[in-house]
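A note on names: the letters A, B, ... follow the listed sequences, proteins ahead of strands, and every chain is numbered from 1. Model, not experiment: these values are computed from the prediction.
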Protein chains: 2
Amino acid sequence: MTDRRRSVAAAADGFMRAFTVDDLIAAARAHSPGIGVATVYRAVASMEDAGALERVGSRDGSALYVRCSVEEHHHHLVCTACGAVAHTPCPLGAPASDAAHEGFVVTSHQVTLYGLCAACATTGPEGG
Amino acid sequence: MTDRRRSVAAAADGFMRAFTVDDLIAAARAHSPGIGVATVYRAVASMEDAGALERVGSRDGSALYVRCSVEEHHHHLVCTACGAVAHTPCPLGAPASDAAHEGFVVTSHQVTLYGLCAACATTGPEGG
DNA sequence: TCCAAAATGAGAATCATTATCACAAGTAGA
DNA sequence: TCTACTTGTGATAATGATTCTCATTTTGGA
């Protein structure tokens, strides 16, 4: 792993919520001022490949990512108010991964739960 | 509903699998030869708004859609071999929509199951 | 040190999507 | 009929995220 990739990983670690590649570029430049756009995109691709990043939708045409430090199969809770992301155990379990649905053999799945994080749910919509 | 929008809806009805907007433009032109790109995008937006189309991920940077004629809450089974899409009842049920996960109040969710449709599962990877 | 392979940065290129604009069709009121 | 207004349309420019290219630098092994 190179110095640049370490910077990108560190920058990703710093986010408490979902981020775009653009956010990540800005954060990575705090660690490595001259780092280029293409380098961050390449780092994101390889981290996504390794399971260290996961895409959780998009915002205004940009892909949204979250950092995944956990190894086991899990999914994400995305707060629609503040963008905070939490991990949750897979709510589907074996049925989704193994079962056949009218002849359709499911091999993988993608689940994202949207709602309000504890803080936003407590303060209400006007609580910011 | 205008003639153009009817053409787009009819074109969408003709797909047995997920399609891109580009696919849809080509199909819509079979019905309305001169239909413009922007018109199809506008029709897609309004159909998605009305629940008649649903986005099920992307392929090569283009959004993928499926036609949704069913009204009730459901999700999609996407065949990774041939792209066929089937509807399936929500595998999560009430827990996902109502329950709190460590203070996180879930209000909506997105589930997509990937695998092989009956035809591709039967013929095997080399059969498709 | 020397070498091959991989990584990097700058910026151009690509391409899906959106915005703009002039025009046509439809509606309502007088 | 005439006018004002709204909405849909097609062509095309603009936007912007992402990828590609290429010369250079870095890395890891011997």
Side-chain angles (χ1 to χ4, degrees), chain A residues 1-13 15 17-67 78 83 85 110 112, chain B residues 1-13 15 17-67 78 83 85 110 112:
Chain A
M1 175 176 278
T2 65
D3 179 60
R4 296 312 203 194
R5 304 244 165 154
R6 265 187 293 273
S7 295
V8 174
D13 279 337
F15 285 100
R17 53 190 64 186
F19 51 86
T20 63
V21 176
D22 209 53
D23 295 334
L24 192 56
I25 291 169
R29 285 186 172 154
H31 297 262
S32 298
I35 195 168
V37 170
T39 300
V40 177
Y41 271 99
R42 282 184 289 242
V44 165
S46 89
M47 288 175 76
E48 194 182 359
D49 217 46
L53 279 187
E54 195 168 317
R55 196 187 296 232
V56 290
S58 59
R59 180 177 61 204
D60 298 333
S62 305
L64 277 178
Y65 291 90
V66 300
R67 183 82 162 100
V78 180
V85 173
Q110 192 271 328
T112 307
Chain B
M1 175 175 279
T2 65
D3 180 60
R4 296 313 203 194
R5 305 242 164 153
R6 265 187 292 271
S7 294
V8 174
D13 280 336
F15 286 100
R17 52 190 65 185
F19 51 86
T20 63
V21 176
D22 210 53
D23 295 335
L24 192 56
I25 291 169
R29 284 185 172 155
H31 297 261
S32 297
I35 194 169
V37 170
T39 299
V40 176
Y41 272 99
R42 282 185 289 243
V44 165
S46 89
M47 288 174 76
E48 194 180 0
D49 217 47
L53 279 186
E54 196 168 319
R55 196 187 298 232
V56 291
S58 59
R59 180 177 60 204
D60 299 332
S62 305
L64 277 179
Y65 291 90
V66 300
R67 184 80 162 103
V78 180
V85 173
Q110 191 273 326
T112 307

4.5 Å side-chain heavy-atom contact, [X] and [Y]:
X        : Y        : answer
Val21(B) : Ser62(B) : no
Arg55(B) : Glu48(B) : yes
Asp49(A) : Met47(A) : no

Looking at the side chain of [X], which of [options] is the nearest nucleotide?
X        : options                   : result
Val21(A) : dG9(C), dT18(D), dT17(C)  : dT18(D)
Thr2(B)  : dG8(D), dA11(D), dT17(C)  : dG8(D)
Tyr41(B) : dC20(D), dT18(C), dA11(D) : dT18(C)

What is the distance from [atom1] of [X] to [atom2] of [N], rounded to the nearest Å?
X        : N       : atom1 : atom2 : result
Ile35(A) : dT26(D) : CD1   : P     : 14 Å
Asp3(B)  : dG8(D)  : CG    : C1'   : 12 Å
Arg4(A)  : dT24(D) : CZ    : C1'   : 14 Å
Leu24(B) : dA16(C) : CG    : C1'   : 14 Å
Arg59(B) : dT18(D) : CZ    : C1'   : 18 Å
Asp60(B) : dC20(D) : CG    : P     : 11 Å
Tyr65(B) : dA16(C) : OH    : P     : 13 Å
Arg55(A) : dA17(D) : CZ    : C1'   : 11 Å

Q. Closer than 4.0 Å, any side-chain N/O of Thr39(B) to the OP1 or OP2 of dG10(D)?
A.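 Thr39(B) to dG10(D) OP1/OP2: side-chain N or O found under 4.0 Å.
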Q) Is there a donor N/O on one and an acceptor N/O on the other, under 3.5 Å, for the side chain of Arg42(B) and the base of dG10(D)? A)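 Such a pair exists between side chain and base.
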Q. Are Thr20(A) and Asp23(A) linked by a side-chain donor-acceptor pair shorter than 3.5 Å?
A.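 Side chains of Thr20(A) and Asp23(A): pair found under 3.5 Å.
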Q.
Please compare Arg29(A) and Asp22(B) by the position of their nearest nucleotide in DNA chain C and report the one closer to 5'.
A.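 With Arg29(A) and Asp22(B) compared, the 5'-side residue is Arg29(A).
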Q: Identify whether any heavy atom of Arg5(A) sits under 4.0 Å from a base atom; if not, whether one sits that close to sugar-phosphate; answer base, sugar-phosphate or nothing.
A: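 Result for Arg5(A) = sugar-phosphate.
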(Q) What's the separation between atom CD1 in Ile35(A) and atom CZ in Arg29(A), rounded to the nearest 0.5 Å? (A)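 It comes to 8.0 Å.
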